[in-house]
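Encoded as C-alpha cells, the structure appears first; notes follow it.
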Amino acid sequence: EAGVQAPRPGRPKARRRPPDVEAVEEELRLALGTRVRIVGNLLRGKIELKLDPCDLTQLVAATLDGFKANLKAELQQNLQPLPSVRLDAGQINKVLTNLVLNANEAVNGKGVIQVTTVHEGSVVGFSVRDNGCGMSEEFIEKSLFKPFQTTKKKGLGIGLFHSRLIVEAHRGVLEVNSSVGAGTEF
C-alpha cells in the first residue's frame, strides 16, 4: 500500500540545509564570467595574441600528429621548411584544428585531406584541402564566416568565424575555394 508515513514521535523531521545562495552565485559568476567575456570579445572581433617566434612547419606537424588516431579520412602532408615567424601558436593551432576537423566531416570518412605549408614572397601559411562535399557559392557568400551559422547537427557555428578573426589578427587572410561535390580548400 502506497502512502506517506507520518513522522515518528520524538524524532525531528530531517531538514535539508539550504544552499548558500550567495556562494553558488559567486561560483557561477566566476565560472561563466570568463566564458562570457571570451564570447563577448569574440563577437566584438577582439582576439588577444601572444606573439612569439615560431616554426610554423613544426607547429603544423605537431598539430597533425595529434589527429592521426582520430581522423576517418586519409591525411596527406606536404610540409616544407618555412622561415620563422612571430605568431600566437595556440591561436594558430585552433585555426588548423578547426579546418582539419571540418575537412574530416566533409569527406565523411571516404576521402583525403591534404595539408600543405606555403611560402610565397613574404607570406607564410598553410592550406587545408579536402575532396569532400564542397560548398555552394551562395553559402560561402551568405553564411560561411558568419557567427552562429552552421549546417552541422552538432555545432555552434563559430569555428570558421573565430578562425577568420584569428588569422586577421595576425594580419593574414583566410580564403576559401570550394565546389559542390568536389571539395574545399582554405
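Not measured: the values here are computed from a predicted model. If you read the sequence from its start, that first residue is 1, and numbering goes on from there.
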Establish whether [X] and [Y] are linked, either directly or via other cluster members, by ILVMFWY side-chain heavy-atom contacts under 4.5 Å.
| X | Y | value |
| --- | --- | --- |
| Val107 | Leu64 | no |
| Val118 | Val167 | no |
| Val112 | Val115 | no |

Atom pair [atom1] ([X]) and [atom2] ([Y]), whose distance is rounded to the nearest 0.5 Å:
| X | Y | atom1 | atom2 | value |
| --- | --- | --- | --- | --- |
| Leu82 | Cys54 | CG | SG | 10.0 Å |
| Leu96 | Thr63 | CG | OG1 | 5.0 Å |
| Leu71 | Leu101 | CG | CG | 7.5 Å |
| Gln58 | Thr117 | CD | OG1 | 12.0 Å |
| Thr116 | Glu185 | OG1 | CD | 7.5 Å |

(Q) Let's go through Ile92 and Phe126 carefully: what are the C-alpha distance in whole Å and the side-chain angles of both, what is the deciding distance for side chain to side chain contact (heavy atoms under 4.5 Å, CB included) to 0.1 Å, and is it a yes or a no? (A) CA-CA 10 Å; Ile92 295 300; Phe126 56 83; 3.8 Å; yes

Measure across [X] and [Y] and return the closest heavy-atom pair with its distance rounded to 0.1 Å.
| X | Y | result |
| --- | --- | --- |
| Leu49 | Ala169 | CD1-O, 3.3 Å |
| Arg86 | Pro53 | NH1-CD, 3.8 Å |
| Gly111 | Asn131 | CA-OD1, 3.3 Å |
| Leu56 | Gly125 | CD2-CA, 3.7 Å |

(Q) With side chain to side chain contact (heavy atoms under 4.5 Å, CB included) as the criterion, how do Asp88 and Asn93 come out once you've worked through the C-alpha distance, each side chain's angles and the decisive distance to 0.1 Å? (A) CA-CA 9 Å; Asp88 185 320; Asn93 177 282; over 6 Å; no

(Q) With side chain to side chain contact (heavy atoms under 4.5 Å, CB included) as the criterion, how do Phe186 and Val95 come out once you've worked through the C-alpha distance, each side chain's angles and the decisive distance to 0.1 Å? (A) CA-CA 11 Å; Phe186 285 93; Val95 173; over 6 Å; no

Just list the side-chain donor-acceptor pairs under 3.5 Å for residues 173-182, sequence neighbours left out, or say none.
| residue | atom | partner | partner atom | Å |
| --- | --- | --- | --- | --- |
| Ser178 | OG | Met135 | N | 2.8 |
| Ser178 | OG | Gly183 | O | 3.2 |
| Ser178 | OG | Thr184 | OG1 | 2.7 |

Q.
The criterion is side chain to side chain donor-acceptor pair (under 3.5 Å); which residues satisfy it with Gln77, sequence neighbours excluded?
A.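 For Gln77 there are no side chain to side chain donor-acceptor pair (under 3.5 Å) partners, ignoring immediate neighbours.
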
Q.
Using the side chain to side chain donor-acceptor pair (under 3.5 Å) criterion, which residues pair with Glu138? Sequence neighbours excluded.
A.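 Glu138: side chain to side chain donor-acceptor pair (under 3.5 Å) contacts with Lys142.
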
**Q.** Beyond-backbone contact of Val124 with Pro83, side-chain heavy atoms, under 4.5 angstrom
**A.**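 Yes, their side chains come closer than 4.5 Å.
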
Q. Considering only heavy atoms from C-beta outward, does the side chain of His170 approach that of Ile166 to under 4.5 Å?
A.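 They are in contact (side-chain heavy atoms under 4.5 Å apart), so the answer is yes.
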
Do side-chain atoms of [X] reach the backbone of [Y] as a donor and acceptor pair under 3.5 angstrom?
| X | Y | value |
| --- | --- | --- |
| Thr57 | Leu79 | no |
| His162 | Arg164 | no |
| Asn104 | Lys72 | yes |

Q) Between Asn78 and Gln114, does a side chain to side chain contact (heavy atoms under 4.5 Å, CB included) hold up when you go through it step by step? A) CA-CA 8 Å; Asn78 182 11; Gln114 298 171 321; over 6 Å; no

